[in-house]
Student: 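The structure is given below, and queries will be raised subsequently.
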Amino acid sequence: MRPGARFKALVLDKAGEFSASLREVGDDFLPEGDVTLEVAYSTLNYKDALAITNRSPIARSWPMVAGIDGAGRVVESSSPKWKPGDQVVLNGFGVGEAHKGCLAGRARVKGDWLVRLPRQFTPRQAMAIGTAGYTAM
């Protein structure tokens, strides 16, 4: 995906009534951060289900992109820790709650939140474990 490209995101909004919809957005929709990821995989975690169905006050700002975890490839970085092409995993840090999450084609986050994807895992395998799996382990 080229810089500035449009991509799909699961956007939660509370402009009037609550809504959860798949929208096409661009990089300008992403929050501030020093690393932009092309998200390959994310999971649908229990917290995400609560947020998407508006059953619990998970999302703390609007509009919000759901997705508390993700795995993918760095496409842009001003962080000294990461360069384009690096494979990474992210979970936690308020992503999908206070910071737009990973149920999208792209995410922009702080480089300090990322973990290098171990070479033994593909992004798909990492997200098959997911945040709940890490917790269980």
Student: Do the non-hydrogen side-chain atoms of Ile68 and Asp48 ever get within less than 4.5 Å of each other?
Tutor: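 Ile68 vs Asp48: side chains touch.
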Student: Looking at Ile58 and Ala51, what are the two nearest heavy atoms and their distance?
Tutor: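 Minimum heavy-atom contact is CB-CB, 3.8 Å.
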Student: Would Glu24 and Lys8 count as a salt bridge (charged side-chain N to carboxylate O under 4.0 Å, His left out) here? Give the steps.
Tutor: CA-CA 4 Å; Glu24 189 171 288; Lys8 291 184 179 176; over 6 Å; no
Student: How long is the span from the CG atom in Asp27 to the CZ atom in Arg6, to the nearest 0.5 Å?
Tutor: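 Rounded to the nearest 0.5 Å, the CG-CZ separation comes to 9.5 Å.
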Student: Does the side chain of Val88 come within less than 4.5 Å of Arg116's, by heavy atoms?
Tutor: no
Student: Should Val89 and Leu114 count as side-chain neighbours, where that means a heavy-atom distance under 4.5 Å?
Tutor: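 No. Closest side-chain heavy atoms not under 4.5 Å.
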Student: Search all heavy atoms of Thr36 against all heavy atoms of Arg106 and return the closest pair with its distance.
Tutor: CG2-NH1, 3.9 Å
Student: Does Asp69 use its side chain to pair, donor to acceptor, with the backbone of Thr43 at less than 3.5 Å?
Tutor: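 Such a contact is found between Asp69 side chain and Thr43 backbone.
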Student: How many angstroms lie between atom CH2 of Trp82 and atom CD of Gln87, to the nearest 0.5 angstrom?
Tutor: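 Here the interatomic distance stands at 10.5 Å.
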Student: How close do Ala49 and Leu44 get, counting heavy atoms only, and between which atoms?
Tutor: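 Smallest heavy-atom distance, with atoms named: N-CD1, 4.4 Å.
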Student: Report yes or no: do Leu10 and Tyr41 belong to one cluster of Ile/Leu/Val/Met/Phe/Trp/Tyr joined by side chain heavy-atom distances under 4.5 Å?
Tutor: no
Student: Hey, is Lys81 close enough to Asp112 for a salt bridge, meaning N to O under 4.0 Å?
Tutor: yes
Student: Would one find more than 12 heavy atoms of other residues, nucleotides or ligands at under 6.0 Å from atom OH of Tyr46?
Tutor: no
Student: State, to 0.1 Å, how close Leu117 and Thr122 come at their nearest heavy-atom pair, and which atoms those are.
Tutor: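 Closest pair (atom of Leu117, atom of Thr122, distance): CD2-C, 3.8 Å.
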Student: Where do Ala98 and Met64 come nearest, in terms of heavy atoms and distance?
Tutor: C-CE, 3.7 Å
Student: Give, for atom CG of Leu30 and atom CD of Glu76, the distance between the pair rounded to the nearest 0.5 Å.
Tutor: 9.5 Å
Student: Cationic tip of Lys100 within the cone over Phe29's six-membered ring, i.e. under 6.0 Å and within 45° of the normal?
Tutor: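 Here Lys100 passes the 6.0 Å and 45° test against Phe29.
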Student: Just by modelled atom types, is the Pro31 backbone N or O under 3.5 Å from a matching donor or acceptor in the Arg108 side chain?
Tutor: yes
Student: Quick one: are Leu37 and Val75 in side-chain contact, heavy atoms under 4.5 Å?
Tutor: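 Result no, sub-4.5 Å side-chain heavy-atom pair not found.
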Student: What are the two closest non-hydrogen atoms of Ser42 and Gly67, and how far apart are they?
Tutor: OG-CA, 4.3 Å
Student: Cluster question for you: counting only ILVMFWY and a side-chain heavy-atom cut-off of under 4.5 Å, with indirect links fine, are Phe7 and Val39 together?
Tutor: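 Result: no, two separate clusters.
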Student: Start with the C-alpha distance between Trp113 and His99, add both sets of side-chain angles, then the distance that settles side chain to side chain contact (heavy atoms under 4.5 Å, CB included), and finish with yes or no.
Tutor: CA-CA 12 Å; Trp113 299 350; His99 191 88; 3.6 Å; yes
Student: Check whether any side-chain heavy atom of Ser77 lies under 4.5 Å from a side-chain heavy atom of Asp34, and answer yes or no.
Tutor: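 Contact flag for Ser77/Asp34 side chains = no.
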Student: For a 4.5 angstrom cut-off between non-hydrogen side-chain atoms, does Leu90 reach Val109?
Tutor: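 Counting from C-beta outward, Leu90 and Val109 do come under 4.5 Å.
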Student: Measuring from Ile129:CD1 to Arg124:CZ, what's the distance to the nearest 0.5 Å?
Tutor: 13.0 Å
Student: At what distance, to the nearest 0.5 angstrom, does CG of Asp86 lie from OG of Ser79?
Tutor: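 The distance works out to 9.5 Å.
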Student: Check Glu38 with Arg73, please: is the shortest side-chain N to carboxylate O separation under 4.0 Å?
Tutor: yes
Student: About how many Å separate OG of Ser21 and CG of Leu12, when rounded to the nearest 0.5 Å?
Tutor: 8.5 Å
Student: Please examine the side chains of Val95 and Cys102, heavy atoms only from C-beta on, and report whether any two atoms are closer than 4.5 Å.
Tutor: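 Yes, side chains in contact.
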